[in-house]
Amino acid sequence: MSLFASVEMAPDDPILGLVETFLADPRPDKVNLSIGVYHDEQGRIPLLETVREVELHLAQAAAARGYLPIDGLPAYNRLTQELLFGGRTDILAAGRVATAQTIGGSAALRVGADVLRQALGGHAKVALSNPSWGNHAVVFRAAGFTVDQYRYFDPASHGLNFAGMLEDLGRMERGSVVLLHACCHNPTGVDLDTAQWQQVIAVLDERGLLPFVDMAYQGFDQGLEPDARAVRLLADSPIPAFVVCNSYSKSFSLYGERVGALSVVGADREEATRLLSRIKQTIRSIYSSPATHGGALVAGVLGSAELRARWEAELGDMRSRIHAMRAGLVERLAARGAPQYAFINRQAGMFSYSGLSKAQVHRLRDEFAIYAVDNGRICLAALSRDKLDAVADAIAAVSA
Ligand SMILES: Cc1ncc(COP(=O)(O)O)c(C=O)c1O
C-alpha cells in the first residue's frame, strides 16, 4: 500500500480550470474574458519592442548564467525602488527600504507573508478586501495567518463601500496586517482616490495596523506615477513600517518570466538591514535565488533612459487600448438597451466586476461561447475591437 494512498485530490483552481474548458471549446468565435492577461488587438500576448531589444542584446552578449544573489540583481532592486517610490528619495536615501527581486508578484506576497508571520509571532492576522484576488487568502493562510475581510465593494453602486471599509479597518486589532491593492483592484476594478487613500492611511496609523500593498498593475490605470499614489502617500505618512509587493508580469508583458519584487520599509536603516536578512533567509529556504533572465530584461529596460521612455509609451498604448475597450463596450451596451453598464467606464485596470450573476455567466458561456469568471469578473484587456459587438450582443441578451 502506497504511503500516498490517502492523498486526496486538491480542488481545481477555478480560473485555470476555466481556461482548459475554453481551450477544449470547438466554437470558432469563442472569447475568453476570464483570464488576467493583456492581449493586443490581434489576440496575442504582446512581446514589447523594448523587451525584445534587450533580449537580442543579451543573446549577443551570450554570457554564462551564474546564480544571482539571494535577493536578486542589485540594479533590478534599485530601479524597482525608484519606480515604486519615485520622487520620495528621502526614504531611499535613509536606507529604510529592503527590496528583493522575487519570482513574480506571487513570491513577493508569499515571502512577505512568511517574513511578517515570523516577525509578528503568535496571532498573525491579515484583513483582505471583500472581495480580493483569490490567491491572497491562499497565500496568507499557507503562511499561517488568520484571514479576515474588510468591506470594499458595493454591489449597488458597482463602486466602493468606503464607509464600510473605514468602519471595518477602525475595528481591527492593533498589529494586524491590512492588504491593500495599490491600483486596478482585482477583481473589481474599483480603486480609492487620493483623498480616500489619505483617510485610510490615517486610520491605519491611528489603529497601529501594518499596510501590505499589492501592486500588480502599475501603469495600467492612469500611468506609472498616479498608479503608485498609495505607495507615495504611505512613504510620506508617519507610519514607520509597511510592505509593497510589485509585479512586472503585466506592465512588461513578461508573465512567464516571473518578475516581481518584495520591498519592506522599516523605521530606519538598521531595521531595514535586519528585515533584509530575514527576507533572504526566507527566500533561501524556498527557492534559493530568483531567475536571471526576466530580471535582466526589466533592469535592461529601466536602466536605459531611452528604453525606459519607449517602454512607458508601450505601457501607455496598452493602457489606452483597455480604456478604449471599456468605452466601446459601454457604448455598444447602451445602444442595445443596457445603459446600466456605464459603471464599467469608472472601473480601472484590466477587470470589471460586471455585476453579471453566476447564471448569466453560465448563459454567456453555454449560449454565446463567451467565458467570464463565475463571480462576474470580466477582463477588458482580453477584448479586441472585432469582438466588441458580439460580446455586447451577448451581455445585452443575458441582461434583458
Ligand atoms: C492582485 C494580484 N497580485 C499579484 C499577482 C501575481 O502576479 P505574478 O503573476 O507576477 O505572480 C496577480 C496576478 O494576477 C494579481 O492580480
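Heavy-atom basis, side chains included; hydrogens, waters and symmetry copies ignored. All ligand and atom numbering here is 1-based and tracks the order in the structure. Quick caveat: nothing in here was measured; it's all calculated off a predicted structure.
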* Short N or O distance, R258 and ligand 1, threshold 3.5 Å exclusive -> yes
* Report the relative orientation of the aromatic rings in F145 and F140; use parallel for angles under 30°, tilted for 30 to 60°, perpendicular for over 60°. => perpendicular
* Does the cation-pi check pass for R377 over Y353, that is, NZ or CZ under 6.0 Å from the six-membered ring centre and within 45° of its axis? -> no
* Structure fact -> the protein heavy atom lying closest to atom 16 (O) of ligand 1 turns out to be Y217 OH, 2.7 Å
* **Ring centers of Y38, Y217 separated by less than 6.0 Å** => no
* Structure fact -> For G104, the ligand 1 atoms with a heavy-atom partner under 4.0 Å come out as 10 (O), 11 (O)
* Out of curiosity, is K250 lining ligand 1, as in a heavy atom under 4.0 Å away? -> yes
* Assess the pair Y341 and H158: is the distance between their ring centroids shorter than 6.0 Å? => no
* Pull out every atom of ligand 1 sitting under 4.0 Å from any heavy atom of D214, numbered as shown with elements. => 1 (C), 2 (C), 3 (N), 4 (C)
* **Polar contact flag for G105 and ligand 1 (N/O pairs, less than 3.5 Å)** => yes
* Does H57 NE2 have over 12 foreign heavy atoms under 6.0 Å away? -> no
* Residue pairs, two or more places apart or on separate chains, that pass ring pair (Phe, Tyr, Trp, His ring centres under 6.0 Å) and touch residues 365-399 -> F22-Y371
* Could you tell me the residue and atom name of the protein heavy atom closest to atom 10 (O) of ligand 1, and the distance to it rounded to 0.1 Å? => S249 OG, 2.6 Å
* Quick one: look up the protein heavy atom nearest atom 11 (O) of ligand 1 and list residue, atom name and how far away it is. => S106 OG, 2.6 Å
* Asked: According to the ring pair (Phe, Tyr, Trp, His ring centres under 6.0 Å) rule, which pairs have a member within residues 223-251, sequence neighbours left out?
  -> Y76-Y248, Y248-F252
* Structure fact -> closest protein heavy atom to atom 5 (C) of ligand 1 is W133 CH2, 3.4 Å
